[in-house]
> 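Can you keep this structure in mind? I'll have questions shortly.
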Amino acid sequence: MNGRPDAPPLAATAKVKNAMRLVAVDGHGYRAGLRVGQTLSDARALFPDLDVFDDDPDADAALLEAIAAWCDRYTPLVAVETLAATVSGSAPGLFLDISGCAHLFGGEEAMRGDLVARLRAAGIRAHAAIADTPGAAWAFARYSDRAAVAPGRHSKELLDLPLAGLRLETEMLDMLRKLGLRTVGCIAALPRAPLAARFGNSLLLRLDQALGREEEAISPRLPVPELSAERIFAEPIALVEDIERTALQLAGNLKSRLDARQLGARTLELKLFRVDGHVTPIAVRAASPVYQPERIMMLFRERIAGFHEDMDAGFGFDLIRLNVTESEERPVAQADLGGGQSRGEAFIGLVDKLGARLGTDRVQRFVAADTHIPERSFGLVAQAAGSAGTYSWNADGPVAGGQGGAAVLTRPVLLFDRPEPVEAVAEVPDGPPIRFRWRRTLYSVVRSEGPERIACEWWRDGRGGQSRDYFRVEDDAGLRFWIFRQGLFERETREPAWFMHGLFA
Amino acid sequence: MQGTDVRQRMEALQDAVAKVDRRHASFARHARLREKNGFVRFGIDAVDAVFEDGFPVFALHEVRCGLSRDIGAAIGFLAGLIAGCMKNRTGRIVWVCDPACRLDGGQLFPAGLAMFGLDPARLLMVRPADLKSALWASDEAAKCTELAGVVFQVKGNPPRFDMTASRRLMLKAQQNGLFVSILRQGGEEEANAAATRWCVSARASAADPHLEKGIGLLRLGLVLERNRNGQTGQWTVAWNQHEHGFEHVPADYVDCPAATPHRPDSAPQMGQVMAFERAS
């Protein structure tokens with residue numbers, strides 16, 4: 001917050017303990033004596049022109065999430081800290097597990113320096129520390145100037161830090177302070193049993209976690225990709241063609257590793273790290289395992305073409321990473337001796353192309369379900385997902401009137417997603433309609449067949465579900481409708497309702 | 001010196017081989033197009049009479065219905081047509097649905113299509129978010145030689161789907177040996193590159209021999225409005241469920257029962273009948 005030297009101090013306020021209090025102050029205000037927890041009226045007494053805005057925890061969380069996404073450039077294992085609000089200490093932070101990653105950035109110290117410098121350039125003052133355990137790193141980042149602690153030395157260094165560095169609850173901290181225990185070293189030397197009896201297990205757990213006696217795992221915000229390749233650009237790139245070419249190169253880098261394992265990628269993700277820290281992930285899903293760089297690039301090309309207008313390249317991307325998030329064993333295919341495409345490949349290519357441009361959930365196939373309720377008897381699932389269903393359609397349909405094979409068409413070709421209410425008049429309460437009004441038009445029925453009764457599924461609809469009596473009716477113009485009456489007269493309801501459910505050919 | 005000589009001869013030979021290959025490929029393609037299954041018989045003498053070589057399968061065809069509510073008839077005719085044309089062909093059928101069609105409510109019911117002999121498992125439903133992507137999707141699908149057919153369902157006469165777009169579909173259908181069809185819901189006649197254009201409407205069905213007032217063989221009114229390979233015409237056809245095919249209904253059939261006798265005749269309709277809107 002050094003961008004406004006002439007402006008008055010800035011503070012965020014929220015209602016805490018029945019008073020408006022400061023929950024965050026900028027550096028200028030801190031140096032001038034403002035503190036978190038002060039009431040707003042006290043602060044105003046110090047600075048009548050204090051700039052105040054409401055605290056917005058959701059925006060804070062969103063910013064932290066965006067920073068976490070950006071931190072993916074350093075390591076795939078980034079965790080957002082989730083601590084109870086009662087824990088003493090400042091705002092939540094991020095944990096980065098950099099095991100095995102630091103050498104890519106020229107060592108731990110260089111990596112930390114790079115991270116802090118880039119965040120500072122983006123206007124964020126960050127404290128970062130590197131240590132053997134997440135607990136120790138948390139403490140050093142907040143209560144010490146030490147940036148990096150040599151491996152194996154953190155337990156000694158930790159002893160001088162205040163107890164707040166152990167991620168303890170405020171009440172417990174107050175109690176410890178009253179007893180004169182102020183540093184980690186004070187309690188590390190004490191016998192454990194009385195401490196546990198007096199303060200509960202959490203104190204010893206936090207102590208052990210910080211000292212490395214107890215294992216503590218961070219929970220990464222994203223699953224670790226199975227394979228990944230990346231490319232850093234000295235000069236940011238912004239053209240779609242360049243992004244596509246990079247995707248092709250990265251896919252080429254991945255190919256040897258996919259080949260070695262005989263795997264193909266089902267879902268892939270291209271992460272574009274913009275210079276200003278924004279991260280654009282582009283995910284695609286292939287209809288069959290892919291490993292050819294050209295096909296992988298084609299998927300991304302279509303995906304980018306699909307939302308081209310929405311992508312904001314800004315000042316360009318300086319890091320592009322290709323992740324394989326889901327892989328599958330390659331199907332064994334007999335190659336064509338003529339060198340042409342093997343059978344089925346063109347169709348899979350088409351599904352991939354359509355799915356990448358339009359979204360895989362818009363390229364679907366029908367699956368049959370084991371039920372008689374018409375609208376539930378089929379579903380549309382993405383062609384790219386999974387294998388075929390177990391049920392299929394009988395070309396003859398349900399047997400009508402006891403004759404072998406249906407002589408007539410008993411099912412409409414068009415079905416309304418949601419049956420539409422119609423006003424119908426029937427001669428007898430359980431007979432076919434003779435007139436009905438649908439979508440404000442009156443139709444008079446000339447021919448009708450039915451009813452075909454479809455009972456409700458009590459195991460799904462529960463008690464009180466109503467049967468449907470379906471009629472196939474034809475009006476005087478020859479239009480054929482599938483219309484049903486919901487509820488059996490006098491057995492299930494006094495006033496059955498009529499619905500239009502489909503159109504016949 | 002000698003090296004370049006050899007290389008030149010090599011290149012000349014490779015050129016010659018490539019030329020032979022190309023000719024071979026074009027022969028094969030022409031042969032496939034001239035194949036018998038490129039032209040099928042409709043199965044109705046009266047209809048076959050207007051197609052000189054037979055009904056061209058590998059072309060663009062348009063099936064339209066004048067009123068939105070006749071869409072059932074149009075889908076039924078198209079399903080029967082596809083099933084008839086695809087008897088000895090395997091491969092999937094891509095059905096691209098313009099989003100405007102779905103706003104009207106209703107979607108294809110697979111069990112009903114199966115009754116027309118069109119296996120729903122062969123269908124690949126593509127439902128793009130706008131007409132532009134729908135056009136792109138049907139264009140892409142028409143490029144795929146492994147498909148059996150492509151259906152592009154569109155509502156009305158959108159200006160974006162013009163002569164050029166339809167000609168592209170027609171060319172791809174011929175080149176790649178595909179049955180490509182436009183299913184136009186509630187649209188007007190429009191000049192485009194389609195080989196045939198059919199206007200389908202529902203007709204009163206035949207009497208049921210077993211049931212008084214029952215619905216017999218379903219009948220459709222067909223108007224062949226455009227035919228690049230012959231004459232146009234109009235017929236009434238019935239769908240024969242046993243044979244899975246259409247059959248001709250002579251023009252002078254009279255088996256429509258009288259409308260409800262106990263009421264006075266309904267008032268004559270005024271004005272034009274418009275496509276219906278949702279009441280709810």
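Everything quoted here is computed from the prediction, not taken from an experiment. Convention: sequence-line order gives letters A, B, ...; per-chain numbering from 1.
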> Identify which part of Ile71(B) has an atom lying under 4.5 Å from any heavy atom of chain A, answering side chain, backbone, both or neither.
side chain
> Show the numbers, then the answer: is there a side-chain contact (heavy atoms from CB on, under 4.5 Å) between Arg376(A) and Arg460(A)?
CA-CA 11 Å; Arg376(A) 291 181 189 156; Arg460(A) 226 186 291 199; 3.5 Å; yes
> Find the one option among Leu220(B), Val94(B), Leu108(B), Ile75(B) whose heavy-atom pairs under 4.5 Å with chain A are most numerous.
Leu108(B)
> Give a yes or no on this: more than 12 heavy atoms of other residues, nucleotides or ligands lie within 6.0 Å of atom CD of Gln234(B).
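It does not: Gln234(B) CD has 12 such atoms or fewer within range.
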> Is a side-chain donor-acceptor pair under 3.5 Å present for Thr371(A) with Glu457(A)?
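Yes, because at least one side-chain N or O of Glu457(A) sits under 3.5 Å from a partner of the opposite role on Thr371(A).
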> Just give me the residue among Gly214(B), Ala73(B), Gly76(B) that pairs up with chain A most often, heavy atom to heavy atom, under 4.5 Å.
Gly214(B)
> Chain A heavy atoms under 4.5 Å from Leu124(B): which part of the residue, side chain, backbone, both or neither?
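It is both, since atoms from each part get that close.
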> Do the non-hydrogen side-chain atoms of Val150(B) and Leu169(B) ever get within less than 4.5 Å of each other?
no
> Looking at Glu495(A), I'd like to know if its CD atom is crowded, meaning that more than 12 non-hydrogen atoms belonging to other residues, nucleotides or ligands lie closer than 6.0 Å.
no
> Measure Trp136(B) against the heavy atoms of chain A and call it side chain, backbone, both or neither at under 4.5 Å.
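Contact with chain A: side chain only.
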> Please work out which of the three classes, parallel, tilted or perpendicular, describes the rings of Phe77(B) and Phe246(B), given edges at 30° and 60°.
tilted
> Ring centres under 6.0 Å, that's the criterion: do Trp498(A) and Tyr443(A) meet it?
no
> Below 4.5 Å from any heavy atom of chain B, which atoms of Pro374(A) appear? Answer side chain, backbone, both or neither.
both
> If you count heavy-atom pairs within less than 4.5 Å of chain A, which of Leu147(B), Leu218(B), Leu118(B) leads?
Leu218(B)
> Between Arg92(B) and chain A, which part of the residue has a heavy atom less than 4.5 Å away: side chain, backbone, both or neither?
side chain
> Against chain B, label Leu479(A) side chain, backbone, both or neither, depending on which of its atoms sit under 4.5 Å from a heavy atom there.
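Both parts, heavy atoms under 4.5 Å.
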> Where on Phe504(A) is there a heavy atom nearer than 4.5 Å to chain B: the side chain, the backbone, both, or neither?
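For Phe504(A), the backbone is the part near chain B, not the side chain.
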> Measure Leu354(A) against the heavy atoms of chain B and call it side chain, backbone, both or neither at under 4.5 Å.
both
> Do the rings of Phe436(A) and Phe481(A) sit parallel, tilted or perpendicular, given the 30° and 60° boundaries?
perpendicular
> Measure Val473(A) against the heavy atoms of chain B and call it side chain, backbone, both or neither at under 4.5 Å.
backbone
